[in-house]
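Not measured: the values here are computed from a predicted model. All values below come from the heavy atoms of this structure, side chains included, with hydrogens, waters and symmetry mates left out.
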Amino acid sequence: MMSEAKRLHPAAILFNLIKTVRELFVVIIAGSISFWDNWLIFVPITAGFLILFLIIAILTWYRYTYRVENNELRIEYGILIRKKRFISKNRIQSIDLTSGVIHRIFGLTKVQIETAGTGTDAEASLSAVKLAEGKALRQELKTAEPTQNLDENAVHESEEAAKPSQTISFKRLFIAGTTSGSVGVIFTLAAAGLSELEQFIPESAFNSTMNWVIGFGFVIMIVLAVVGLLLLWLLGIAGTMIKNGNFTITKNDSDLFITRGLLEKKQLTIPLRRIQAVGIQESIIRQPLGYVTVFAEIAGGSMDDKEDFSSTLFPIMKRDEVESFLKTFVPDYAGIQQEPTPLPKRARKFYVFRASILFVILTLATGFWIPQFIWVPILLLAGSMGLGIWRHMDGGFRLDGDHVIIRHRSFSRNTVMMHHKRIQAFEKKQHKIQGSQQLATMRLSIIGTMGTGTHFAIKDLEESLTDKLADWYSRR
């Protein structure tokens, strides 16, 4: 019975202990370094703190109870100061289930409950409950009538029966990994890690290693660099496949359920009423191949799950499959994909200028101080000018009834579709140079993650079209 007060699974003690150690990690490391040479002090102090942390973790688990009563989730917690939190069913926006490696070993899940007013933390988080119990709790909190005595199979059948669903194939998952661009992130992290690791390597060992590498010659160094990049690329593929493995999206009457992850299994709930915009992202690598990512901007939410500000509705699909996907899962945004009105040709110089001005300065500085390396900023300048032209060619917008479609590019090309009722603010900007060219910048704002605003802007749009969009927004 959900109305009876329950404690979390005892594995929550381990999670509480890990959380405490992580929060005090810097203090623990500093103390360890200070007393490292004196084992008579280091060992008993370390043991004492571990015992204290364990006692706190046990008491935190013992004093934490939850139950569902009178259409409310009621949570009581606190060791010395008793706290009570009541969350009404009507306020709950989403209930997400996450199962990490430790959770899956014990058949557990983490339940995160978010409301419309959720900030940086989830409104409630049950760190360790049985998987069947977590699903039953989600079922009861998301329905008007309580559901009792549900086993795991019954809950699974009630959620999945007669509902449209789509799962990513292994082939598509592999393509997503090879074209994700995560190798750049991994390369940056690896470079940062090596730079920090260097200070712990003895200087003699570092110098001998460098002399050994240089002794192989230029060709061998290139081979080693290629092998290193290949390994980073393979790590990027593995990371994407682990994160999005078994990705499945299922539509309920008013919710989208997304399940993904090989090591850490996540089950996310996205109420359709919280979707503020739907977008199509085409990266530089995927665009020539015809693959896109479909995402949604969601109102509210928290940063507990460390997700991006946008929620991925499907990691990768062919461009011509998007319309069918939208009709099935977000029909309010189907049937409006059309080519936007392009930006005027006279706006191109502004895009090229903004993209290349820093590299112009860098080229001049390099030519003055180290002219022998002038070719490096020149190549970067040429690339930035090409990117500016590309951004101009891809920018634009289109009105389609109660929807507006805008397209812009930073590095990836993004096409975003918004309904009139979801737009919170419209802003028109125009500096003097734009005014002389009859151009203007428009910005649309919607509610984003944690209740903050998410903004979409198109610069150097035809002024008459900007005014037309303003009239459409204000219903004039």
Between [X] and [Y], do the side chains contain an N or O donor and an N or O acceptor separated by less than 3.5 Å?
X: Arg273; Y: Ser254; value: no
X: Gln338; Y: Asp400; value: yes
X: Arg286; Y: Thr179; value: yes
X: Gln112; Y: Asp96; value: no
X: Thr259; Y: Gln267; value: no
X: Thr167; Y: Thr248; value: yes

Kindly assign one of parallel, tilted or perpendicular to the pair His403 and Tyr333, based on the angle between their ring planes and the thresholds 30° and 60°.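 Rings of His403 and Tyr333: perpendicular, over 60°.
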
Report the relative orientation of the aromatic rings in Phe325 and Phe329; use parallel for angles under 30°, tilted for 30 to 60°, perpendicular for over 60°.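 Taking Phe329 first and then Phe325, their aromatic rings sit tilted (interplane angle of 30° to 60°).
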
For Phe49, does the CZ atom have more than 12 heavy-atom neighbours from other residues, nucleotides or ligands under 6.0 Å away?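 Result for CZ/Phe49: open.
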
Quick check: are there more than 12 heavy atoms from other residues, nucleotides or ligands sitting under 6.0 Å from NZ of Lys327?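 For Lys327, atom NZ is not crowded (no more than 12 foreign heavy atoms under 6.0 Å).
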
CA sep, side-chain torsions, deciding dist, call: Thr115, Gln93, side-chain hydrogen bond (donor to acceptor under 3.5 Å, both in side chains): CA-CA 5 Å; Thr115 63; Gln93 298 289 324; over 6 Å; no

Any side-chain heavy atom of [X] within less than 4.5 Å of one from [Y]?
X: Leu8; Y: Tyr66; result: yes
X: Phe456; Y: Met418; result: yes
X: Leu444; Y: Ile458; result: no
X: Thr312; Y: Val294; result: no
X: Val129; Y: Leu126; result: yes
X: Leu17; Y: Ile56; result: no
X: Glu297; Y: Phe295; result: yes
X: Gln166; Y: Met317; result: yes

Step through it carefully: locate the ring centre of His408, locate the ring centre of Phe397, and say whether they are under 6.0 Å apart.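 No, the ring of His408 stays outside the 6.0 Å limit from the ring of Phe397, centre to centre.
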
If you apply the rule side-chain hydrogen bond (donor to acceptor under 3.5 Å, both in side chains), what do you find for His103 with Thr109, and how did you get there? CA-CA 6 Å; His103 288 95; Thr109 189; over 6 Å; no

Just by distance, do the side chain of [X] and the backbone of [Y] share a donor-acceptor pair under 3.5 Å?
X: Arg398; Y: Ile405; answer: no
X: Lys318; Y: Leu289; answer: yes
X: Thr178; Y: Ile175; answer: yes
X: Thr60; Y: Ile58; answer: no
X: Glu23; Y: Thr20; answer: no
X: Thr293; Y: Pro315; answer: yes

Below 4.0 angstrom, N of the basic side chain to O of the carboxylate: do [X] and [Y] qualify?
X: Glu133; Y: Lys6; answer: yes
X: Glu72; Y: Arg85; answer: no
X: Glu76; Y: Lys83; answer: no

Measure the spacing between [atom1] of [X] and [atom2] of [Y] and express it to the nearest 0.5 Å.
X: Thr269; Y: Asp255; atom1: OG1; atom2: CG; answer: 6.5 Å
X: Ile389; Y: Asp394; atom1: CD1; atom2: CG; answer: 12.0 Å
X: Ser445; Y: Arg422; atom1: OG; atom2: CZ; answer: 15.5 Å
X: Ile270; Y: Asn252; atom1: CD1; atom2: CG; answer: 13.0 Å
X: Leu141; Y: Asn90; atom1: CG; atom2: CG; answer: 11.0 Å
X: Ile113; Y: Arg91; atom1: CD1; atom2: CZ; answer: 11.0 Å

So which atom in Gly396 and which in Pro340 form the shortest heavy-atom distance, rounded to 0.1 Å?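 Closest heavy-atom pair between Gly396 and Pro340: C-CB, 3.7 Å.
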
Kindly give the heavy-atom pair with the smallest separation between Met241 and Leu262, and that separation in Å.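 Looks like O-CD1, 3.5 Å.
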
Determine, stepwise, if the pair Glu339 / Arg407 fulfils salt bridge (Lys or Arg N to Asp or Glu O under 4.0 Å). CA-CA 9 Å; Glu339 282 296 309; Arg407 193 170 69 187; 3.2 Å; yes

Yes or no on side chain to side chain contact (heavy atoms under 4.5 Å, CB included) for Lys251 and Leu272, after CA distance, side-chain angles and deciding distance? CA-CA 9 Å; Lys251 184 185 178 185; Leu272 292 174; 3.9 Å; yes

Cation over ring face, Lys459 and Tyr351, 6.0 Å, 45°: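 No.
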
Check whether NZ of the Lys or CZ of the Arg Arg74 lies under 6.0 Å from the centre of the six-membered ring of Phe86 and within 45 degrees of that ring's axis.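 Geometry flag: set, cation within 6.0 Å and 45°.
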
